Amino acid sequence: MNFDNLSYVKFGDKDGLGTFLFENAQQHKLFYETLMDAGFITPLYPVADMDFSNIDDWLYVHNQEHQRLASLLGLDNPFQLLDSDWNVEEDFYDWIGVHQTIHQQIAAALGVT
């Protein structure tokens, strides 16, 4: 897994965000497939595409999927991915950092690191 593509995105960089979205979607797909192989049925949310004029919708759907993953895997989910304003640079970077950590925890729990 390439966790670097989840963390090396600059505030306001739509091309970099595109790389992030692709890697994020690939990891979510792997999480989904791994859970399905283990007999867990869970929805696969549409996290590959983002409407840049309405980022909050993507954040909501993405947060729903992370809450479901945390519940299935018995992981703590202390950070609501909705509690960030991506128009504020500091919030954006805080979200990116926490999100990467969450993906690393999920990957470790599933044994797909």
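Just so it is clear, the model here is predicted, and its values are computed rather than measured.
- Checked by atom type and distance alone, the side chain of D91 never pairs as donor or acceptor with a backbone atom of S84 at under 3.5 Å.
- A 4.5 Å side-chain heavy-atom check between H103 and F31 finds at least one atom pair inside the cut-off.
- Minimum interatomic distance between M36 and T42 (heavy atoms only, all atoms of both residues): SD-N, 4.3 Å.
- The two residues W86 and I55 come nearest to each other via the heavy atoms CE3-CG2, 3.7 Å.
- Distance check: Q27 CD to N5 CG gives 8.5 Å after rounding to the nearest 0.5 Å.
- Shown here for I106 and H66, the closest heavy-atom pair between the two residues is CD1-ND1, 3.6 Å.
- Rounding to the nearest 0.5 Å places CE of M50 at 10.5 Å from CG of D57.
- The number of heavy-atom neighbours closer than 6.0 Å to CG of D49, taken from other residues, nucleotides and ligands shown, is 12 or below.
- T34 contributes a side-chain N or O that, together with a main-chain N or O of L30, makes up a donor-acceptor pair within less than 3.5 Å.
- A109 and L73 make their closest contact through CB-CD1, 4.2 Å (heavy atoms, listed as atom of the first residue, atom of the second, distance).
- Hydrophobic clustering keeps V61 apart from F22 (ILVMFWY residues linked when any side-chain heavy atoms are closer than 4.5 Å, directly or through intermediates).
- Here the side chains of D85 and F92 are not in contact, with every heavy-atom distance at 4.5 Å or above.
- Grouping the Ile, Leu, Val, Met, Phe, Trp and Tyr side chains by contacts below 4.5 angstrom, directly or via other members, places Y32 apart from L75.
- If you take CG on N24 and CZ on F3, they are separated by 11.0 Å, rounding to the nearest 0.5 Å.
- Across all non-hydrogen atoms, the minimal contact from F11 to V88 is CE1-C, 3.9 Å.
- Distance CZ/R68 to CG/L44: 13.0 Å, rounded to 0.5 Å.
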Check your understanding: Could you go step by step and tell me if E23 and D4 meet the side-chain contact (heavy atoms from CB on, under 4.5 Å) rule?
Key -> CA-CA 9 Å; E23 182 61 34; D4 290 345; over 6 Å; no
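- Using a 3.5 Å distance cut-off with no hydrogens or angles, the side chains of D51 and N54 do not pair a donor with an acceptor.
- Using a 4.5 Å heavy-atom cutoff, the side chains of K14 and F52 are in contact.
- Atom-to-atom distance recorded for H99:NE2 and N63:CG is 10.0 Å, nearest 0.5 angstrom.
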**Study point:** L69 vs L35, side-chain contact (heavy atoms from CB on, under 4.5 Å): CA-CA, chis, key distance, verdict
**Key:** CA-CA 9 Å; L69 289 168; L35 285 166; 3.4 Å; yes
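- Of all heavy-atom pairs spanning L17 and V9, the tightest one is N-CG2, 3.5 Å.
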Exercise for review: Apply side-chain contact (heavy atoms from CB on, under 4.5 Å) to the pair W95 and D83, showing each step before the final yes or no.
Suggested key: CA-CA 9 Å; W95 188 98; D83 291 344; over 6 Å; no
Exercise for review: Mind running side-chain contact (heavy atoms from CB on, under 4.5 Å) on Y8 and I96 for me, showing each step along the way?
Suggested key: CA-CA 9 Å; Y8 295 130; I96 292 293; over 6 Å; no
